[in-house]
Each structure stands twice: as structure tokens, then as C-alpha cells.
Amino acid sequence: MSVSLYDAKYEKLRVLMRALRVDAGLTQEQLAASLRTGQSYISKIERGENFVDVLLFSRWCSVCGVKPGDTLDRFLAS
């Protein structure tokens, strides 16, 4: 099964990830520094121009102060 960047579920994941960052009080620049990546990469993920892999998702959640498993449960429940 092929997954598109424009799939509604993928959009929902991006919205959730952005909300995690904002709720943690982090700018894209701050999150990028913690993840050792560029701010533009964070922006592209949040805008739907890049896929998110499971390792990045896990690190993103951790930097935002939430457990990846809890976040995934939240995503799947919505």
C-alpha cells in the first residue's frame, strides 16, 4: 500500500506533531536544534513536504516532553 503525503491521516499526524511542538513552547528553530537538523526540515514536515519516519517521530515527541507511545495512542484514538 502506497502512502501519500496528502493522505488525510498523514495530515492529521502533522497537525498533531505541530501541536506537540507548540504546546511544549518550542519554536521550529529550537526543535530543530534539539533534533540536530535544520529549521527548514521541521517546516517541511509541518507543511507536508517531507515524510516522518518512526525514529524522528520518537525523538520529536521526546524533545516535546511526551512519550511517543502515548502520542501514538492519541493519534490512533482520534
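The analysis underlying the following values was restricted to heavy atoms, covering all of them including side chains, and did not include hydrogens, waters or symmetry mates.
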**Asked** At what distance, to the nearest 0.5 angstrom, does OG of S40 lie from CD of E29?
**Response** 10.5 Å

**Asked** Is there side-chain contact between W60 and T71, with at least one heavy-atom pair below 4.5 Å?
**Response** no

**Asked** Transitively linked via ILVMFWY side-chain contacts under 4.5 Å: F51 with V15?
**Response** no

**Prompt:** About how many Å separate OG1 of T37 and CZ of R59, when rounded to the nearest 0.5 Å?
**Reply:** 8.0 Å

**Asked** If only atom types and distance count, is the side chain of S58 paired as donor or acceptor with the main-chain N or O of V54 below 3.5 Å?
**Response** no

**Message:** Can you confirm whether R18 is buried at CZ, in the sense that more than 12 heavy atoms of other residues, nucleotides or ligands lie under 6.0 Å from that atom?
**Reply:** no

**Message:** Membership question, hydrophobic clusters at under 4.5 Å side-chain separation (ILVMFWY): are V22 and M17 in the same one?
**Reply:** no

**Asked** C64 versus D23: any side-chain heavy-atom pair under 4.5 Å?
**Response** no

**Message:** With a 4.5 Å cut-off on side-chain heavy atoms, are K12 and F75 touching?
**Reply:** yes

**Prompt:** In Å, rounded to the nearest 0.5 Å, how long is the span from CD of E46 to CZ of R21?
**Reply:** 4.0 Å

**Asked** Same hydrophobic cluster for L55 and L16, using side-chain heavy-atom links shorter than 4.5 Å among ILVMFWY?
**Response** no

**Prompt:** Y10 versus V52: any side-chain heavy-atom pair under 4.5 Å?
**Reply:** yes

**Asked** So how far is it from S62 OG to K67 NZ, rounded to the nearest 0.5 Å?
**Response** 10.5 Å

**Asked** Just wondering, do Y41 and L35 contact through their side chains at under 4.5 Å, heavy atoms?
**Response** no

**Item:** pair I45-L56: side-chain heavy atoms closer than 4.5 Å
**Value:** yes

**Prompt:** Between atom CG of L26 and atom CG of L31, what is the distance when rounded to the nearest 0.5 Å?
**Reply:** 6.0 Å

**Request:** Let me see the working for K9 and L76 under side chain to side chain contact (heavy atoms under 4.5 Å, CB included), right down to the final yes or no.
**Result:** CA-CA 9 Å; K9 290 181 182 178; L76 294 173; over 6 Å; no

**Asked** Are Q39 and Q28 linked by a side-chain donor-acceptor pair shorter than 3.5 Å?
**Response** yes

